[in-house]
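Along the sequence shown, the residues carry numbers beginning at 1.
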Amino acid sequence: MQFIKFIHWLNDYAGLFSLLAVLAAIIVPYRIYRKQRNDEYQSLKDEFDSIVEITRFPMSHSERELYTRKSVLEKRLKRH
């Protein structure tokens, strides 16, 4: 008898459960997206900070590539 009452209770609140499921289906992926974006931003910032610590002179070809990469990272960080 308790089981049937429980089934009726679930049936009465089916609309509410559906609404909660829809909200969860929207909110959870959005939060995951924001977390991934923040993590990517933080990794770019960390890489940029590590590049900034390196001195510039004398400059070889590999160092020039490094500073080019630094410039690219600066621009990406300014967009965020």
Practice task
Just jot down the side chain to side chain contact (heavy atoms under 4.5 Å, CB included) partners of Leu16, sequence neighbours excluded, or say none.
Solution key: Tyr13, Leu20
Problem - Counterpart residues, side chain to side chain contact (heavy atoms under 4.5 Å, CB included), relative to Ser43 (two or more places apart) - result: none
Handout entry: Residues in salt bridge (charged side-chain N to carboxylate O under 4.0 Å, His left out) contact with Lys35, at least two apart in sequence or another chain
Key = Asp39
Completion exercise
For Pro29 and Ala24, the nearest pair of non-hydrogen atoms, with its separation, is CD-O, 3.8 Å
Problem - Nonpolar side-chain network containing Val28, other nodes, edges under 4.5 Å - result: Ile32
Problem - Residues forming a side chain to side chain contact (heavy atoms under 4.5 Å, CB included) with Leu10, sequence neighbours excluded - result: Phe6, Phe17
Completion exercise
Asp12 meets the salt bridge (charged side-chain N to carboxylate O under 4.0 Å, His left out) criterion, sequence neighbours left out, with none
Completion exercise
Between the CZ atom in Phe3 and the NE2 atom in His8, the distance rounded to the nearest 0.5 Å is 10.5 Å
